[in-house]
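One structure is given below, encoded as structure tokens.
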Amino acid sequence: MAPYIAVSALSHEGLVREHNEDSLTVGPWTLCATVTTNPQTLLFPLGPPCVVAVADGLGGHPGGEVASALVARRLAAAGGGLGDEEALREELQGCNRAVYAAAAGEPELAAMGTTVAGLVLLPEQAVVFNVGDSRVYRVAADGLQRVSVDDSPPLPPGRRTTSVVTQTLGGSLGLTFVEPHVRVAPLAAGDRYLVCSDGLTDPVPEEELCGLLARSYDTSERADGKTAFELWKAAIEAGGPDNITLALVRIGE
């Protein structure tokens, strides 16, 4: 059987926010500022570039859901052409300009912005990217490896989270240049990744995430929907303080 990509994903408003400002891209499919009642699993051939990304609209700014949806839809539309690191960087810069352009002349959207984090999956490579504090993890037999880079200030001793982000797509009144974090990693059958907004990682410590993911490490993608639900449940049981969006990615064969 040819190698394939399996993605199990969900998006939920959590227990505190009135509505969902997160958006999700999985290949050509998007889920923008809406809620899934159950994890959705999608399968794609491993071959053409395939984007899996989470965009988290900035809370406390107007139009967060507009910014995240714009970025998610652009990445879905551009995905097939993102075959290398340079093309991805250019597209992320284009997303940044597009968010500012959409806000221009619209007072109700002034300073809207979003984070973004994700993967472009290629036959032998995973191109990992992010702007902001949404995250990408590689899931390995011996634990979780964070492969994205938080755009946040250093944390004081004893502090695990912060709501401050130092770089976003949009997010200010005038066009601001961004420097996306982009790295390339080898990709092979059996590899697994988690892409998520901070609505998962702020309330749920990494060691707890690791334990939940370890339970399904040796099973097929059929179990990933259940694992996605368990991750969401952990965030809800921790108070669900923010929107929760996550995608579990598995390379099958």
Side-chain angles (χ1 to χ4, degrees), residues 17 21-25 32-33 51-76 78-79 82 84-104 109-120 126-138 145-156 159-185 193-202 206 241-247:
R17 306 289 188 184
E21 294 186 299
D22 289 357
S23 295
L24 177 68
T25 303
C32 296
V51 179
V52 180
V54 168
D56 179 355
L58 295 185
H61 291 233
E65 70 280 5
V66 177
S68 71
L70 187 159
V71 169
R73 289 173 178 144
R74 274 192 63 117
L75 289 173
L82 302 180
D84 58 46
E85 188 176 342
E86 182 180 355
L88 175 59
R89 288 184 184 277
E90 289 179 1
E91 178 56 32
L92 292 170
Q93 297 289 358
C95 287
N96 185 49
R97 291 191 297 271
V99 172
Y100 282 105
L109 299 179
M112 74 173 180
T114 183
T115 71
V116 69
L119 302 158
V120 180
V127 187
V128 181
F129 63 91
N130 79 284
V131 177
D133 59 357
S134 293
R135 290 181 180 173
V136 183
Y137 292 93
R138 186 175 185 275
Q145 176 192 6
R146 193 190 308 177
V147 289
S148 57
V149 179
D150 282 359
D151 285 313
S152 299
L155 294 174
R159 184 85 177 267
R160 194 178 63 80
T161 65
T162 177
S163 60
V164 179
V165 245
T166 55
Q167 181 174 235
T168 58
L169 302 177
S172 59
L173 293 175
L175 178 62
T176 301
F177 179 78
V178 294
E179 187 60 54
H181 304 280
V182 180
R183 62 179 292 185
V184 177
Y193 283 90
L194 168 65
V195 184
C196 59
S197 64
D198 65 351
L200 176 64
T201 55
D202 276 0
E206 286 185 359
D242 201 354
N243 305 149
I244 306 155
T245 301
L246 65 98

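- Side-chain contact between His181 and Asp151 is present, with at least one heavy-atom pair separated by less than 4.5 Å.
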Would Val178 and Gln93 satisfy side-chain contact (heavy atoms from CB on, under 4.5 Å), going step by step from the backbone distance to the final call? CA-CA 7 Å; Val178 294; Gln93 297 289 358; 3.6 Å; yes
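- A donor-acceptor pair under 3.5 Å is formed between the side chain of Asn243 and the backbone N or O of Glu21.
- Looking at Cys95 and Leu70, their side chains never come closer than 4.5 Å, going by heavy atoms from C-beta outward.
- Remark: the Ser23 side chain and the Ser68 side chain contain an N/O donor-acceptor pair separated by less than 3.5 Å.
- Heavy atoms only, all atoms of each residue included: Arg74 and Ala98 are closest at NH1-CB, 3.7 Å.
- Screening Glu86, Glu91, Glu85 for a salt bridge (charged side-chain N to carboxylate O under 4.0 Å, His left out) with Arg89, the sole residue that qualifies is Glu85.
- Heavy atoms only, all atoms of each residue included: His61 and Ala111 are closest at ND1-O, 2.8 Å.
- The side-chain heavy atoms of Thr176 and Tyr100, taken from C-beta on, include a pair separated by under 4.5 Å.
- Between the OG1 atom in Thr162 and the CG atom in Asp133 there is a gap of 8.5 Å [rounded to 0.5 Å].
- Thr245 and Asp22 form a side-chain donor-acceptor contact under 3.5 Å, judged by distance and modelled atom types alone.
- Here the closest heavy-atom approach between residue Pro62 and residue Leu109 is recorded as CG-C, 4.2 Å.
- Exactly one of Thr25, Leu24, Val71, Leu200 qualifies for a side chain to side chain contact (heavy atoms under 4.5 Å, CB included) with Val54. That residue is Leu24.
- The nearest pair of heavy atoms linking Val51 to Phe129 is CG1-CZ, 4.4 Å.
- The two residues Ala247 and Val52 make their nearest non-hydrogen contact at CB-CG1, 3.8 Å.
- At least one side-chain heavy atom of Leu194 sits under 4.5 Å from a side-chain heavy atom of Leu246.
- Each of Asn130, Thr168, Leu75 was evaluated against Val116; a single residue qualifies, Leu75, per the side chain to side chain contact (heavy atoms under 4.5 Å, CB included) test.
- The structure places OG of Ser148 at 7.0 Å from OH of Tyr137, a figure rounded to the nearest 0.5 Å.
- Salt bridge Asp242/Arg17: present, at least one basic N to carboxylate O contact under 4.0 Å.
- Applying the side chain to side chain contact (heavy atoms under 4.5 Å, CB included) rule to Arg138 yields the partners Ala140, Gln145, Val147, Asp191, Tyr193; only residues at least two apart in sequence or on another chain are considered.
- The minimum heavy-atom distance linking Val164 with Ser152 is given by the pair O-OG, 3.3 Å.
- Note that CG of Leu82 and CG of Leu88 are 6.0 Å apart. Values are rounded to the nearest 0.5 Å.
- Looking only at side-chain heavy atoms (C-beta outward), Pro180 and Gln167 stay at 4.5 Å or farther from each other.
- For Arg146, the salt bridge (charged side-chain N to carboxylate O under 4.0 Å, His left out) test picks out Asp150, Glu206, with sequence neighbours left out.
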